[in-house]
Amino acid sequence: MHEDIQEVLFSEEEIAARVAEIGAQITNDYADAVAQDGRGVILISVLRGAAIFMADLARQIELPLEMDYMAVSSYGNGAKSSGVVRILKDLSSEIEGRHVIVAEDILDSGLTLKYLMKNLASRKPASIEVATLLRKKTLQQAKIDCRYIGFECPDQFIVGYGLDFAERYRNLPYIGILKPEVY
Ligand code: IMP
Ligand code: MG
């Protein structure tokens, strides 16, 4: 695996430090809301890329917390996301009246997340925010308010820490640029 990586963008240590910072921020931002509500926040991740980020983030949030998962597939030609999304697995929990945080691995065109946020908002949560580990610097990106952003990254194909190419490299502990000759 390691020999397919052109350049490491974020090391295991850098990721851990940033995830800890975001967790501390969330703990601070939601302490009052959780105390008032009496129920914890619900962390939602979109399978499969964000699962690793969410697992680490959850352990850095010192509040009562639930975890839930959605699986989606986007229609279209595959190479670029079309923004039309089919829900393959829906949440197990009701989110009406709850404080929801959606954990994402990477915001690229933003079309998937835009659809998802609209869908989740229609279920009337008390609040809904996005925590994305990475945001790609691309020219065209749907406008999405991300309250928590781990790192800005270049518009190149990257893998590791949950991000895949053809389902591989998710288990790399760091995030790096994949050598173009690999794909
Ligand atoms: P979009 O924001 O709707 O374009 O799609 C975002 C999704 O595409 C992410 O959740 C990833 O699963 C995937 N994705 C986008 N860019 C990359 C990348 O550089 N490497 C691996 N997956 C990516
Ligand atoms: Mg994803």
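When a ligand or atom number is given, it counts from 1 through the structure's own listing order.
- Side-chain atoms of D155 and T138 form no donor-acceptor pair, as typed in the model, at a separation below 3.5 Å.
- Ring pair Y183/F157 is tilted by interplanar angle, where 30° to 60° counts as tilted.
- E66 has no carboxylate O lying under 4.0 Å from a charged side-chain N of R39, or vice versa, which leaves the two without a salt bridge.
- Using a 4.0 Å heavy-atom cutoff, Q156 is listed among the residues neighbouring ligand 1.
- Near T112, meaning under 4.0 Å from one of its heavy atoms, ligand 1 places the atoms 1 (P), 3 (O), 5 (O).
- Ion pairing between D68 and R98 fails under the 4.0 Å rule for side-chain N and carboxylate O.
- Relative to atom 17 (C) of ligand 1, the option among K136, E104, R48 with the closest non-hydrogen atom is K136.
- Of the heavy atoms in D108, both backbone and side-chain atoms come closer than 4.0 Å to ligand 1.
- At least one heavy atom of D164 sits under 4.0 Å from some atom of ligand 1.
- Residues that satisfy the salt bridge (charged side-chain N to carboxylate O under 4.0 Å, His left out) test with R135, not counting sequence neighbours, are E152.
- Close contacts between ligand 1 and S109 involve ligand atoms 1 (P), 2 (O), 3 (O), 4 (O) [criterion: under 4.0 Å to a heavy atom].
- Which of T138, I106, L113, L134 comes nearest to atom 7 (C) of ligand 1 through a heavy atom is settled by distance: it is I106.
- Partners of F10 according to the ring-ring contact (aromatic ring centres under 6.0 Å, His included) rule, which considers only residues two or more places apart in sequence or in another chain, are F151.
- For an aromatic pair to be called close, the ring centres must be under 6.0 Å apart, and H2 with Y169 fails this.
- Residue contacts with ligand 1: L163 is included, with a non-hydrogen atom under 4.0 Å away.
- Using a 4.0 Å cutoff on heavy atoms, Q141 does not count as a contact of ligand 1.
- Taking any N or O of G110, backbone or side chain, at least one lies under 3.5 Å from an N or O belonging to ligand 1.
- At least one N or O atom of I158 sits closer than 3.5 Å to an N or O atom of ligand 1.
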